[in-house]
Amino acid sequence: MSEVRTRFAPSPTGNLHVGGAHTALFAWLFARHEGGRFVLRIEDTDEVRSTAESLAAIYDGLHWLGIDWDEGPDVGGPHGPYIQSERLDIYEEHIARLIESGRAYRCYCTPEELEERREIMRARGLPPRYDGKCRALTADETRRLDAQGREFCVRFRVDDQGVTIVEDLVRGEVAFENALMGDFVIQKTSGYPTYHLAVVVDDYLMEITHVIRAEEHLPNTQAHLQLMEALGLAPPQFAHLPLILGTDRTKLSKRHGAINLMDYREQGFLPEAMRNFLALIGWSPGTDEEILSLDELIEKFTLEGVSRSPGVFDLEKATWLNGEYLKRADAEYIADLIEPELRAEGLIEEDLGPERRAWLVAVVELMKERTRLLTDFVVWGRYFFTDDYLYDNRARSKWLSREEVPERLELLADRLEGLESWDVDSIEGAIRGLAAELDVGAAKLIHPCRAAVTGQTVGPSLFDLLALVPQKDVVARLRRTAELGRAGELEPLPEGDAAD
Ligand code: GLU
């Protein structure tokens, strides 16, 4: 069998959406699994909506997910150019061939005329398709209209008999009635080809063996197969991926949260977790496994594993998965990812230096067991970086507003201030020792201490975390909290003002 070649063919008219990223990932995984090649082709035949920013956003999104391409606009390849606006002469040639063979014709109907006639069809309860008015124009009539300088587009003369059968690798055999299809436009008035024409020509010339794309394109395949037949081009195989729904089972949209892939980076997702998550939407390795490394995804990915029924974009699951990746991730790697954010928040200095960097890695190591998003390090872990953190309502109500707490915090401050060495064992010894002297359980000191020094009631091991905050800062925080408590300023806040 010839080498497998798949492609991702985005239109650069916006950000890379999660749906697009999902399609790209599946086409890429299939090519990698098969040891084939993956092509990136930019379909910018919408001259009005295509932008350079969008192209840059597509590159960014694919790079972030770790999807690379063997051929594409920036890397070149034997079937270039890979940007459709640079292939206009190729389309022109194919359109001319179709006109010559009588399978395409110039249509001079104006948008207003078309709309008027569609309106009539709708009123009659008919599907509003092109009625074929210009099909019958003679060469003389065409010449006359051209002489008048009338604008035209080119339409494909569809075969309206029988059915077109799509043999889909995911959906099986799907039949489309040809009588329902109108003669569609293959070249716009501007001279640009339409999506239908360009996609067919390029998939053929770029030797794409498997067209893997979103389900919404399944009906378009009827037009594509007819065009290929008329041009005498052998069709590729098709695999249409299932729809992506939100958890309420409606089509994924902004209502369900971000649909721009890169917003998930902003929200603190790791690219490898997002990739794993997207791979499991509408595909299963055939086992219950949910955490699959890149190598495992490539090894296990098959089109047989792609489901016919819609997949669900479940943000809860994505977040859980991200937490699992964070737990397993190297602390140095996480530190690299959060450094810019910490810097942007003014929580660390411009140049950390080796000692502070080692400290940051230790903070990450301590926190990563409990975090689900990269942003958690910055938000929950704020107390590692500044004294300017909030006391949340649980900390206030459970501990900080209690009468006996300020005094205990003061005693703790004195005890910790006296420590000569600031390490986990000395800190633990001091706190447990004070608890024994006061004849209270250690928890009676540990919990208020955590509430005072972090503003929260949960977090990593207290002794470990105290050792990562400078001794003088811990002491100052204990004294400050004691004072605020005495002044009655640590009562729970009314809802809305609370930090949690
Ligand atoms: N440019 C089309 C899109 O972005 C590509 C569809 C296809 O893969 O054929 O939807």
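As the structure lists them, so they are numbered: ligands from 1, and atoms in each ligand from 1.
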Test item: side-chain donor near acceptor, H63 and D60, under 3.5 Å: no
Y91-D202 side chain donor-acceptor pair, cut-off 3.5 Å: yes
Pairs involving residues 122-152, ordered by first then second residue, that meet ring pair (Phe, Tyr, Trp, His ring centres under 6.0 Å) (sequence neighbours left out): Y108-F152
Main-chain N/O of E290 paired with N276 side-chain donor or acceptor, under 3.5 Å: yes
Every residue of the protein that comes under 4.0 Å of ligand 1, judged on heavy atoms: R7, A9, P10, S11, E43, Y195, V199, R213, H217
Basic-acidic side-chain contact under 4.0 Å: R32, D68: yes
Criterion side chain to side chain donor-acceptor pair (under 3.5 Å) on S307 and S309, from CA distance to verdict: CA-CA 5 Å; S307 154; S309 38; 3.1 Å; yes
